Protein chains: 4
Amino acid sequence: MIWHREIPVEFNHCDPAGIVFYPRYFEMTNSVIENFFAEVLAYPYARITMDERHGVPTVRIEADFQAPSRLGERLDFALEVARIGGASTTFALTASASGTTRMTARLTLVWVTPEGRAAAWPEEIRTRLEAFREKTA
Amino acid sequence: MIWHREIPVEFNHCDPAGIVFYPRYFEMTNSVIENFFAEVLAYPYARITMDERHGVPTVRIEADFQAPSRLGERLDFALEVARIGGASTTFALTASASGTTRMTARLTLVWVTPEGRAAAWPEEIRTRLEAFREKTA
Amino acid sequence: MIWHREIPVEFNHCDPAGIVFYPRYFEMTNSVIENFFAEVLAYPYARITMDERHGVPTVRIEADFQAPSRLGERLDFALEVARIGGASTTFALTASASGTTRMTARLTLVWVTPEGRAAAWPEEIRTRLEAFREKTA
Amino acid sequence: MIWHREIPVEFNHCDPAGIVFYPRYFEMTNSVIENFFAEVLAYPYARITMDERHGVPTVRIEADFQAPSRLGERLDFALEVARIGGASTTFALTASASGTTRMTARLTLVWVTPEGRAAAWPEEIRTRLEAFREKTA
């Protein structure tokens with residue numbers, strides 16, 4: 001299963017070369033995964049962080065920037081669940097526009113307790129992550 | 001006429017108190033006006049800045065923050081054209097959610113040439129700004 | 001008394017026109033006031049927000065952008081305490097470089113309790129704010 | 001040779017958990033490399049992007065976030081030149097505070113022409129990059 005989310009390249013994303021500045025791409029990857037948690041896992045970040053005082057910090061990122069993205073383009077972010085671990089999950093994201101890949105990234109997130117310790121995913125999240133990934137096959 | 005645009009409060013907007021950090025509100029106001037230029041004035045920022053090398057810098061801002069906005073809320077931004085000057089326009093924005101006003105702002109933008117000098121609005125923009133404002137009455 | 005803080009204009013502050021994007025100016029104004037709290041009032045934001053769960057949200061901003069600031073310039077921010085209220089304080093900031101004013105802003109901050117209610121400044125902060133302002137005369 | 005630059009963790013870097021949000025770490029890595037270009041290579045980004053219309057986009061990032069960084073901490077960024085290629089250079093950065101590593105990252109930057117094509121580093125940059133790296137041994 002691949003989940004998609006579109007993010008338009010707006011003025012605030014662009015650097016003096018008129019292209020997306022890489023820290024803004026990471027605001028986008030965070031937003032994509034945040035919306036995946038809300039829409040697909042039905043477990044929004046507000047619930048995780050504000051209500052339950054847990055967290056889903058990103059502990060590892062690998063990203064390749066294949067081609068620049070320009071002001072006014074609309075980026076399609078495709079999300080796949082690459083790996084589900086005990087306390088972590090790796091997401092594979094591909095951003096593309098006009099038929100060319102602009103950025104690919106693998107981000108590993110960990111479920112942490114209010115004390116900041118890694119812990120097993122809540123059953124509710126794990127079940128939905130697995131159901132989503134199985135639809136891929 | 002009042003034009004509306006919804007912006008969800010996402011993780012990247014929020015500070016350690018879990019509420020929108022004011023510089024992020026200004027990323028939102030910029031995005032709202034940018035989208036108004038694209039959708040209502042049919043003159044996107046990419047055309048202004050990249051193709052024609054002009055600009056629409058903001059020269060004055062007044063903003064009041066009446067109540068905090070929290071992660072997961074959806075802000076409705078209402079935009080009105082408050083004043084159309086020779087080379088400038090003042091927009092009045094109101095952001096609200098759950099029936100309460102969170103932020104109001106007046107932003108004055110100026111049309112500038114590639115050399116950075118204020119200049120009269122292109123006829124195309126002026127006509128549409130006036131048409132939009134007239135629909136208000 | 002006027003307190004100064006220098007902020008270099010870096011790549012991440014600049015928009016496609018190569019000048020400081022206004023939301024980044026507000027990251028700067030927040031940083032200037034944050035450092036004023038730490039250095040002059042000896043009451044850092046980490047103590048306010050993390051240790052004591054209070055806050056100092058900004059409730060009103062007026063800002064004028066007189067001239068653009070470019071990548072590589074060093075902005076001098078001059079801070080004055082314009083008004084000390086019961087629960088609020090207004091700061092007047094002027095950013096300049098190469099002898100020209102780039103931005104002036106008045107920002108009003110309020111002391112709020114963990115419940116989000118405005119409350120009288122702690123004596124420690126009020127005393128130092130007043131001592132700083134008196135040095136002006 | 002290892003070059004160091006300190007960046008204080010300020011309010012604008014922190015998320016609702018009170019720790020540095022990962023896109024802000026990348027604003028920091030960009031700032032660190034930008035300052036390395038200005039101070040060590042004597043070739044500031046303003047010259048590269050504004051005067052000469054070239055660019056140094058980041059094409060690959062690997063980052064690990066070992067421990068959270070909190071508001072008020074001062075991060076030491078240590079920079080090493082890991083690899084100098086024909087048109088690219090890989091920098092290895094380590095951010096630490098209070099004796100613990102918070103983040104390590106490898107970032108590969110490419111020299112590009114105004115048309116966006118990768119090109120050999122200017123002799124001036126290459127010579128200084130090599131001189132800096134040799135001091136390591």
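Since this is a predicted model, take the numbers as computed values, not measurements. Each chain gets a letter, A, B and so on, in the order its sequence line appears, and its residues count up from 1.
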task = Spell out, as yes or no, whether a donor-acceptor pair under 3.5 Å connects the side chain of C:Y22 to the backbone of B:N30.
result = yes
In terms of heavy-atom proximity below 4.5 Å to chain B, should [X] be classed as side chain, backbone, both, or neither?
X     : answer
C:Y45 : neither
C:T29 : both
C:M50 : side chain

B:A63 portion near chain C, given a 4.5 angstrom heavy-atom threshold =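 Both parts, heavy atoms under 4.5 Å.
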ask   = Measuring heavy-atom distances to chain C, does B:L107 have an atom under 4.5 Å in its side chain, in its backbone, in both, or in neither?
value = side chain
key: Candidate pair B:R24 and C:E27, rule side-chain contact (heavy atoms from CB on, under 4.5 Å), full reasoning   = CA-CA 9 Å; B:R24 310 295 166 230; C:E27 294 180 5; 2.7 Å; yes
query = Around atom CZ of B:R106, are there more than 12 heavy atoms of other residues, nucleotides or ligands at under 6.0 Å?
reply =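 Open.
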task = Could you tell me which of B:P68, B:A105, B:P23 has the largest number of non-hydrogen atom pairs under 4.5 Å with chain C?
result =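 Among the listed options, the one with the most contacts to chain C is B:P23.
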query = In Å and rounded to the nearest 0.5 Å, what is the CG to CZ distance from C:L109 to B:F65?
reply =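 Interatomic distance, C:L109 CG to B:F65 CZ, rounded to 0.5 Å: 10.5 Å.
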inquiry  = If I take atom CG from residue B:D64 and atom OG1 from residue C:T108, how far apart are they, to the nearest 0.5 angstrom?
reply    = 9.0 Å
